[in-house]
Structure formats: C-alpha cells, structure tokens
Amino acid sequence: MNQKCKRILKVLQSDFPITRQPFKVMAKKLDLDEKELLLKIKRLKNDGVIRRIGAVLNPRPLKIKSSLIGLRVRTDALKNVARFISKCANVSHNYLRCGDYNVWFTFSARAAGEKNKFLKALRQKKGVQDLLVLNSKKQFKIDTRFEF
Amino acid sequence: MGKGAIRKILEFLQEDLPLESSPYRSLSLRTGASEDEIVRQIKVLNKRKIIRRFGAILNHHKIGFKANCMCVWQVPKAKITRAARLARAEKFITHCYLRNTQKRWPYNFYTMVHGRNRAECEKIIKSISKFAGIKNYQMLFTLKEFKKVSPKYTV
C-alpha cells in the first residue's frame, strides 16, 4: 500500500469530517481532487481494506447489553455449532480460538430474555460441553483504529 | 428534529455511507430534513456519545495485522488500575474489559491484542505481565473468524 492510500485511510479512520460534503473537505486536506479521492476509496473498499464507512453506536445509551460467551465444543461438532451461532443476528463476532474453551462470541440485546433463550438452545446442541457467560463489569478501553 | 427522523439517521449511519459528493442527499429526501439539519443532528449524536465513532472501519488483516489474541488475565483487585493503565497505553490493544468470573474460569481481565504475527502479540503480553506483576494469564489466539460484522442496533 502506498503512502497516499495510508494517508487517506488515516483520515477516514480518525478524522472523518462531519459535514455536508465530507469527501470534498477531505480531498482539500489531502491535496487531492474529490473525484480522484472517491475513486481511491472505492478501490480500497473493493479490495476489502475498508469494511465500511459509517457510525459505530455506543450500546449503553441505547440500553443494549452485550456479553462475551465462551464455549467448549467437541471438535467434530464445531462446524454445526459455529454455524448455529453465526446465524443469530444478535451475534456480531464469533471466533475459533486455541484453548479448552474454543468458541467465543459476543451477544448483544436489549432484553436479557433474548439471550437466555438463545443460550438455552445452544446448550442443547450436540457437542457443546460447557458454556461461560462473561458480562462486562467495566470498560477500560475500546479503540479499534489501527496505526500502521 | 423528531424521534422518527433521528431513528432514520441512526439506521442510515449503521449502513455504509454512499461514496458520493453529497452522501446525505438520499437520507434528506427520505426524512424530509435538509442535509444541513442532518449534519447538525449527527454532530449532536456524536457529542452525546450515542455515536461512539464515525468513519472508516478497516479490515485489520488487510493492513498487516495477521495475528489476534484475546488474552485473559487473573488480576487481583489491587492491581487492576495499573493493568488497565498499561493496556490503555498500548496502541496494539483495542479492547480492555473487566468481567465477572466463574468458579471454573478465574479470569476477570480481558485484552484484545493485535500484531503482525503471534510473536508481536506475545511480546506485548509479556511486557504487560512483567510491568503489572501478573503471572496468571492465557493467550487465546484466533484460529478462525466465523463471523465478524459491525453490530447493528435497533434504535
């Protein structure tokens, strides 16, 4: 990736202007033509470097609670269990990790009932040996901007 | 601005911003609010921290961060502040949380560590372990990403 793209990504990540014509303002700052900038951003998106441009909301004021769930799943059942979890719209992240507890996912919902219902169904899946529900008590840091 | 229009703005912002010179024009037509009013409202939502971050979300694999580790720590109460301070200062740690424990799971402190490779993650973790004086931890490296999407909240 060249320096020009890196600079574009840096502004897009950390300094995206909230204004009627954000790309025009960005282009001026980066000393680029707006059309050229938009073309470059489109390319970075097509290449999968940019996942999305938009807002990440803060779940707290919306009264949404999220939990981290860790599972111990038998290897032969991994595929099925993972698919069942990923299908759920309340799940945004779902990973296979090394360790005894091998499947980890996040579940967010407004009502606790939704989570309990899902976890009850999950516990009954073949190959699910144990399940940990880990609620967040305090958030010290959340900053997903990458310096590179 | 009415609640309905604000809801529409938040729904719109959780999608992908149109890559056009005036990205709020379509939203303006749908809500009846002018583009300037929409921008003003986004600034308010940002200031009130309803919006946590506004901008591009990058794919960290594609920019060279191939390794990802959720490190879980057993941190005694007296050492939490210090451990949190170290995690906050480390730019390759994106998330740091305190969570409840369970009898069979004593870890209360969670950090997401990113690196170009596993060795880079391990180096960061070892340094935190040393400076915070915490010996009991587990490094849970990502082996596979089954799902990763921006959470979309109904508002």
Side-chain angles (χ1 to χ4, degrees), chain A residues 1 9 12-16 18-24 34 38 41-42 45 47-59 61-62 64 66 68 70 82 85-86 91-99 101 104-105 108 130 132 134-144 146-148, chain B residues 10 13-17 19-24 35-36 39 42-43 46 48-60 62-65 70 84 87-88 91 93-100 102 104-105 110 114 138-151 153-155:
Chain A
M1 193 183 296
L9 289 174
L12 276 178
Q13 258 201 124
S14 307
D15 245 339
F16 187 69
I18 302 178
T19 178
R20 209 161 58 83
Q21 295 187 293
F23 301 108
K24 196 173 162 186
E34 189 190 14
L38 281 167
I41 295 175
K42 277 179 192 159
K45 247 178 100 177
D47 293 345
V49 176
I50 299 173
R51 279 185 195 270
R52 183 173 75 90
I53 298 175
V56 179
L57 304 189
N58 191 354
L62 298 170
I64 288 162
S66 68
L68 175 70
I85 296 168
S86 294
V91 173
S92 56
H93 297 65
N94 184 18
Y95 296 99
L96 178 70
R97 297 192 180 280
C98 57
Y101 288 84
W104 293 83
F105 68 93
S108 25
D130 194 15
L132 302 164
L134 305 159
N135 298 318
S136 132
K137 282 167 74 180
K138 197 169 177 171
Q139 185 187 84
F140 292 116
K141 182 181 191 178
I142 177 158
D143 183 357
T144 48
F146 287 91
E147 267 182 56
F148 60 100
Chain B
L10 286 172
L13 293 179
Q14 289 190 88
E15 302 287 334
D16 215 340
L17 202 69
L19 294 177
E20 296 157 9
S21 188
S22 300
Y24 305 110
E35 289 169 68
D36 284 330
V39 165
I42 296 173
K43 282 183 180 163
N46 200 35
R48 283 175 51 207
K49 298 210 163 70
I50 307 276
I51 293 173
R52 184 167 63 71
R53 189 158 91 70
F54 189 42
I57 293 120
L58 307 186
N59 180 333
H60 49 83
K62 297 266 182 177
I63 50 171
F65 294 90
M70 180 172 82
R88 259 201 297 261
K91 67 175 178 177
I93 291 183
T94 51
H95 301 70
C96 178
Y97 287 94
L98 194 67
R99 297 185 185 277
N100 64 287
Q102 293 192 17
R104 59 198 190 287
W105 189 259
Y110 291 70
H114 301 268
Q138 264 196 48
M139 294 188 279
L140 307 176
F141 281 96
T142 304
L143 300 177
K144 195 174 177 172
E145 196 178 279
F146 294 125
K147 185 180 188 181
K148 182 172 181 179
V149 297
S150 285
Y153 303 130
T154 49
V155 291

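Numbers restart at 1 for each chain; the letters A, B, ... are given by sequence-line order, proteins then strands.
Salt-bridge formation is detected for the pair Asp36(B)/Arg20(A): a Lys NZ or Arg NE/NH1/NH2 atom is positioned less than 4.0 Å from an Asp or Glu carboxylate oxygen. With salt bridges taken as basic N to acidic carboxylate O contacts below 4.0 Å, one links Asp16(B) and Lys45(A).
Between Trp105(B) and Leu134(A), the closest side-chain pair of non-hydrogen atoms falls below 4.5 Å. Under the 4.5 Å side-chain criterion, counting only non-hydrogen atoms from C-beta, Asn59(B) is not in contact with Val49(A). Within the 4.5 Å cutoff, the side chain of Leu57(A) has heavy atoms near those of the Gln14(B) side chain. Tyr110(B) places none of its side-chain heavy atoms less than 4.5 Å from the side chain of Ser136(A). Within the 4.5 Å cutoff, the side chain of His95(B) has no heavy atoms near those of the Asp143(A) side chain. Looking at Tyr97(B) and Leu68(A), their side chains never come closer than 4.5 Å, going by heavy atoms from C-beta outward. Using a 4.5 Å heavy-atom cutoff, the side chains of Leu96(A) and Phe146(B) are in contact. Using a 4.5 Å heavy-atom threshold, the side chains of Asn58(A) and Ile50(B) count as separate.
With rounding to the nearest 0.5 angstrom, the CD1 atom of Ile53(A) is 9.0 Å from the CZ atom of Phe54(B). The NZ atom of Lys147(B) lies 12.0 Å from the OH atom of Tyr95(A); values are rounded to the nearest 0.5 Å. Lys144(B) contributes atom NZ, which lies 15.5 Å from atom SG of Cys98(A) (distance to the nearest 0.5 angstrom). From Thr154(B), atom OG1 reaches atom CG of Leu62(A) across 8.5 Å, with rounding to the nearest 0.5 Å.
With hydrogens and angles ignored, the 3.5 Å screen pairs no side-chain donor or acceptor of Arg51(A) with any backbone N or O of Ile57(B).
Taking each heavy atom of Thr144(A) and Thr94(B) in turn, the nearest pair found is CA-CG2, 4.0 Å. Of all heavy-atom pairs spanning Leu140(B) and Arg97(A), the tightest one is O-NH1, 3.1 Å. Considering all non-hydrogen atoms of both residues, Gln21(A) and Ser22(B) come closest at NE2-OG, 3.6 Å. Among all heavy-atom pairs drawn from Pro22(A) and Ser21(B), the shortest one is CD-O, 4.3 Å.
Chain A forms more heavy-atom pairs under 4.5 Å with one residue of Arg48(B), Gln138(B), Glu15(B) than with any other, namely Glu15(B). Between chain A and the residues Arg88(B), Glu35(B), Glu20(B), Lys43(B), the most heavy-atom pairs under 4.5 angstrom are made by Arg88(B). When each of Arg53(B), His114(B), Met70(B) is checked for heavy-atom pairs under 4.5 Å with chain A, Arg53(B) comes out on top. Highest contact tally toward chain B, considering only Ser14(A), Ser86(A), Pro61(A), is held by Ser86(A) [criterion: heavy-atom pairs under 4.5 Å]. Comparing Ile42(B), Ile93(B), Ile51(B), Val149(B) by heavy-atom pairs within less than 4.5 Å of chain A, the highest count is held by Val149(B). The residue among Met139(B), Lys62(B), Arg99(B) with the most heavy atom pairs within less than 4.5 Å of chain A is Arg99(B). Between chain A and the residues Val155(B), Asn100(B), Leu17(B), Val39(B), the largest count of heavy-atom pairs under 4.5 Å involves Asn100(B).
Using modelled atom types and a 3.5 Å distance limit, the side chains of Ser150(B) and Arg52(A) yield a donor-acceptor pair.
Remark: aromatic rings of Phe65(B) and Phe146(A) are close, center separation under 6.0 Å.
Applying the 6.0 Å contact sphere to NZ of Lys42(A) captures more than 12 heavy atoms from other residues, nucleotides or ligands. Within 6.0 Å of CZ in Arg104(B) there are more than 12 heavy atoms belonging to other residues, nucleotides or ligands. Enclosure of atom NZ in Lys148(B) by more than 12 non-hydrogen atoms of other residues, nucleotides or ligands within 6.0 angstrom is indicated.
Only the side chain of Ile64(A) comes within contact range of chain B, with at least one heavy atom under 4.5 Å from a heavy atom of that chain. Contacts between Lys24(A) and chain B at a heavy-atom distance below 4.5 Å are absent for every atom of the residue. If you measure heavy-atom distances from Gln139(A) to chain B, the contacts under 4.5 Å come from both the backbone and the side chain. Only the backbone of Asp47(A) comes within contact range of chain B, judged by heavy atoms closer than 4.5 Å.
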